[in-house]
Each structure stands twice: as C-alpha cells, then as structure tokens.
Amino acid sequence: QQVFNLVYIMKYNPIDTILNQKKSEKKIKFVWIRGIISISVIAIGYWFALNIKNSTQVVSHILIAAIMVIVGTISLLQIFSVIILQICKKNNEFYYRKNNFFLISKFAHKLNQNSLAISLITILFVGILTVSTAGAALYAGADYSIQERYPNDIQIWNDSAENNAFKEENLDTILKKENISLKGYIDLVYAEQLYEKTGENLNMCDTVDYTKKNYDVYLISMESYNKAFGKNIQLSKNEVILYDEKQVWKDNNITFNNKQYHVQKMKLEGIHAIKNGAKSGIDSLYVIATKDEIVKSILPSSFSWKEYIGIDITGSFSEKLEIYEDLNNQIINSNLEESVYASSQQQAYREMYFLYGAFFYISILLSIMLLVASTVILYYKLTNEVIQDQEKFEIMKYVGMKENESKKIIGIQMKLIYVFPVFVAFVHFIFVLQSLKICLNMVINLSQYLLIQCSIAVLIFVLLILAMLYLLVYRRYYRAMK
C-alpha cells in the first residue's frame, strides 16, 4: 500500500499541481502598479458618482462613473489573486500552516482563473441592489412624497390673484350638494421668481443657466402668511424668514438685488404646496418678508401675485375624489383652465401608487433575472471545476489530509468565492446610493433615512437568497468531491 501511495504521488507531482497558479503569476508584471492604477480608476468613478451638482450632470456623470468602476473592477480582480499570494507569502508562519497553504493557493487560483466571471457577477450584484432599492424606495416613499407635495385634499392654483377667479361660494355650493363639510381652507398669496447667485448676491433672471447656481424663490408676504395659517409673525424691513427644504442655504444673510436681509430659518409646514407639485430640478427657497419689501426691493415692478388655495374636507376617499372632479369640471366649464388649475391628494395617490407599484414590480422581476443570471454563472463555474478539484483533493488525501479537513477547506473556499463578489458589490453600492438619491429626488421627495432603510432591507433579502443557494451548491459540490 505504501509503495502504491508513493507511485501515485510521484505520478501526479502534488506540489506542482497545488502551485500551478505560479505560471500565471509570472506572466503578470508590475502587479502593484497595476493594482494602484485599478484602484485609482475606481476612485475616480466614485468621485463622479458623488459629485453630481444638478440634473444636467446626472446622465453624463453616472455613465462615466459606471464605465470607470466596471473597468477598474475587472482589472483589479484579474490581479487580486496574485496580490493575495504575495501578501500571504510574506508571513511564512501563516501561509505554510496546515490547511492554509492549500486553501490560500486554491482560492487565489480560482480567483485568477475566474476573474472575468467574478467581475461580471459583481457588476450583476450591484445592478440587483440598485434596481431593487430604487423600486422599493419609490414605492415606500410615495406616501411621504404625496403628503409633502399635496398637503391638502384639494389644491387650486391661480396665476393671477388680482382677478379673484375662484370664489369660495362655488366650493360651498358643491359641498352642500354632496353633503360634505369643510375642515380647512387656506388662501395664500405669493410670487415666484427665478434667481441666479452671483457672489453673495441673488439677481433676477428669466432662464435657468445650469453652469451657475440658480434658485426658484417663492416669496410670501408676512401679512398673507399670518392670515392663511393663523400666525402672528412680525418682521422688520431688513429681516426675512427662509425655509429651505434641502438645507442648501448655509448663510445667515441673503441679498436680493444688492440689498442684504438677515435670515431667520424656520420650517414652514404646508408652504411647499405652492410649487404646484412640479420639481424644477433646481433648489427652491421659500421666503417670507413684509409686503412693502417684496414690492419695493425684491421683485420687479412688472410682477404679478399668484394664489394658492388649499381645501380639506370630510368624507371618504371616493367622496373627496368626486368633489375634486366636480370642482375641476366647474373650472373647465367657466373657461378658467388657462389661469386656474386644480389637483387632488386622492388623485395623486391613485396615479402615483399605480405608477410606482408598476415600477416596483418591474424592478423585482429584473432583480430576480439578474440574481438568477449571476447564480447560474457562479454555479456552473464551480461545478465545471469539480473534476479538476476532485483530482487535487484526492492527491491531498494520499499525503495525509483527512476527510473532515477537506470538508472544512471546501466550505471555506465556497464561502470565500460566494462572499467576495458580494462584498465588492456592496462597496460599490455604498457609492451608488448618493447618485441614486439624487436621481430619485428628481421624481419624489425622498429622505436619506428611508433610502438607507430600503437598501438594508434589500441587502438582507439578497443575502438570504444567496445563503440558500450557497447551501444548495455546497452540497452538490461536496457530494461530487467524495
């Protein structure tokens, strides 16, 4: 039996079999330089993803970031096995310890042989996390977004407050007809003006220049705000209240047309409804000042006041929707639709949940497809190497490796192969989140906290599926090795 074992070992030369990845190491020159270049390319891609300043940069920055991260990842994974070996070999006590020698060499060899496949799997995992998180965040954030953009049951905007086109008596007639009570009524007069920031000064402009910092400023008179919301705010001539949804305004002063005002920062509930539910892609500022200051110093002489009417009523979802439809029909029949237009919170719920629900469903299907594709690639890569691995483990059995040791090595090796692309994908996904938030904020008002919650939930779900697939592949792999 001993003679047979000696002949078997001499025939297969186990040391050469275990270290056959050295041939590929010699072919790769300047490993560390290439590694630094690859990491630099990925870092530049991250920089583009994190430095999206406005909506015009979204497509170009994300495209450049995606290309650079993909190229950098493929290049880095091609030499990562060599880097691992070089680092481990510097610690002889660790590298040549029983089982470590075979495990590290085997893992590095598999990374080297399957670098392109693992790179593809990593990119697919990033796609899974991104698509699933986007779909979940849109659907989960729909309610918050609707409440923020449509705080009242019915909203009416009048482009010219002076003509008093919409009358409260018209609403009373419809409510009495449907036996519905009025819960709340807000009538707010405001002006809207586009400003361009030059130095410390905000200057009026007519069009958006995305190469400069623009603000869509909504100016509300102190008198109108106090009347609409039942407040008693008092401001001096050189003082304004500023509400900044995204908290982009950091200064304690604001300058309109070379006149400086001291800023009181305050959250104004319900005030953002005057935006008419439209997202312009630029930052909005809500400013309350005295009417005299707005007319004399802040706005041009040719401006016109606009009017926002917020209506809250009793009744069920369908009854509120019916009241809105009656009001909208009245506006159309009165030929006021060019200057007066209405919207409904219930209508927004119906439309947005249908739209975001469909997107969520599509994102789930797409994520499942990507997950199946990545798993199939990984599964067939591992199962196709069973014969080669079986031969190597058979050799190690003859040189003294026990079955429980080989089982342990197989388990660790499989976990590393599975966890490695997931870990790299997770690192990429952390930087994707910032770009994803900017893109989603162009559609809905989404909080960073909700986006992180959705990403964690998606990550846990994906990891659970991968854990089940790992157990399935591990059992098939181990049975084939026996």
Subject >> Step-by-step side-chain contact (heavy atoms from CB on, under 4.5 Å) determination, Tyr308 to Asp187 >> reply: CA-CA 6 Å; Tyr308 168 77; Asp187 191 344; over 6 Å; no
Original post:
After noting the C-alpha distance and the side-chain angles of Tyr341 and Asp159, does the key distance pass the side chain to side chain donor-acceptor pair (under 3.5 Å) rule?
Top reply: CA-CA 9 Å; Tyr341 33 96; Asp159 281 343; 2.9 Å; yes
Original post:
Which is it for Val458 and Phe429 under the side-chain contact (heavy atoms from CB on, under 4.5 Å) test, yes or no, and what are the steps along the way?
Top reply: CA-CA 12 Å; Val458 168; Phe429 180 65; over 6 Å; no
Original post:
So Tyr349 and Asp143, side chain to side chain donor-acceptor pair (under 3.5 Å) or not? Walk me through it.
Top reply: CA-CA 8 Å; Tyr349 269 113; Asp143 182 71; 2.6 Å; yes
**OP:** For side chain to side chain donor-acceptor pair (under 3.5 Å), just list the numbers for His428 and Thr122, CA-CA rounded to whole Å, side-chain angles, deciding distance to a tenth of an Å, and then say yes or no.
**Re:** CA-CA 9 Å; His428 290 338; Thr122 300; over 6 Å; no
**OP:** Would you sort out whether Tyr243 and Ile288 count as a side-chain contact (heavy atoms from CB on, under 4.5 Å), showing the intermediate values?
**Re:** CA-CA 9 Å; Tyr243 172 42; Ile288 298 178; over 6 Å; no
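Lys259 NZ: more than 12 foreign heavy atoms inside a 6.0 Å radius. Within a 6.0 Å sphere centred on CZ of Phe423, other residues, nucleotides and ligands contribute 12 heavy atoms or fewer. A 6.0 Å sphere centred on NZ of Lys291 holds no more than 12 heavy atoms belonging to other residues, nucleotides or ligands.
Here the closest heavy-atom approach between residue Ser363 and residue Gly135 is recorded as OG-CA, 3.6 Å. Nearest heavy atoms, Trp157 versus Gln155: CH2-CB, 3.4 Å. Nearest heavy atom pair, residue His262 against residue Asn252, reads ND1-O, 3.5 Å. For the residue pair Ala342 and Asn328, the shortest heavy atom distance occurs at CB-OD1, 4.2 Å. For Met222 against Leu235, the heavy-atom pair with the smallest separation is SD-N, 3.3 Å. Here the shortest heavy-atom pairing between Ala289 and Ile298 reads CB-CD1, 4.3 Å.
With rounding to the nearest 0.5 angstrom, the CD atom of Glu192 is 9.0 Å from the OH atom of Tyr286. To the nearest 0.5 angstrom, Met68 atom CE is 10.0 Å from Ile42 atom CD1. Between atom CD1 of residue Ile39 and atom OG1 of residue Thr73 there is a gap of 10.5 Å, rounded to the nearest 0.5 Å. Taken from CG in Leu459 to CG in Leu464, the straight-line distance is 9.5 Å, to the nearest 0.5 Å. The distance from the OG atom of Ser343 to the CD1 atom of Ile154 is 9.5 Å, given to the nearest 0.5 Å. In this structure, Asn226 CG and Ile220 CD1 are separated by 11.5 Å, a value rounded to the nearest 0.5 Å.
Checked by atom type and distance alone, the side chain of Ser75 never pairs as donor or acceptor with a backbone atom of Val71 at under 3.5 Å. With hydrogens and angles ignored, the 3.5 Å screen pairs a side-chain donor or acceptor of Glu319 with a backbone N or O of Ser316. The closest donor-acceptor contact from the side chain of Asp312 to the backbone of Asp153 lies under 3.5 Å. Side chain of Ser224 to backbone of Val189: a donor-acceptor contact under 3.5 angstrom is found. The main-chain N or O of Val217 is never found under 3.5 Å from a side-chain atom of Gln193 such that the two would form a donor-acceptor pair. A donor-acceptor distance shorter than 3.5 angstrom exists from the side chain of Ser132 to the backbone of Ile128, with no hydrogens or angles considered.
The aromatic ring centroids of Tyr195 and Tyr215 lie 6.0 Å or more from each other.
In this structure, the side chains of Ser455 and Leu436 stay at 4.5 Å or more apart for every pair of heavy atoms. Looking at Val69 and Phe48, their side chains never come closer than 4.5 Å, going by heavy atoms from C-beta outward. Residues Val240 and Glu293 fail the side-chain proximity criterion, which asks for heavy atoms closer than 4.5 Å. At a threshold of 4.5 Å between non-hydrogen side-chain atoms, the residues Tyr324 and Gln347 count as touching. When side chains are defined from C-beta on, Thr255 does not count as touching Asn253, because their heavy atoms never get closer than 4.5 Å. Taking 4.5 Å as the limit, some side-chain heavy atom of Leu202 sits within range of a side-chain heavy atom of Lys197. You'll find the side chain of Ile156 stays beyond 4.5 Å of the side chain of Asn158, heavy atoms only. Looking at Val287 and Leu219, their side chains come closer than 4.5 Å, going by heavy atoms from C-beta outward.
Classified by interplanar angle (parallel below 30°, tilted 30° to 60°, perpendicular above 60°), the ring pair Phe431/Tyr46 is parallel.
The one candidate from Phe359, Tyr353, Tyr144, Tyr356 that meets the ring pair (Phe, Tyr, Trp, His ring centres under 6.0 Å) condition with Tyr139 is Tyr353.
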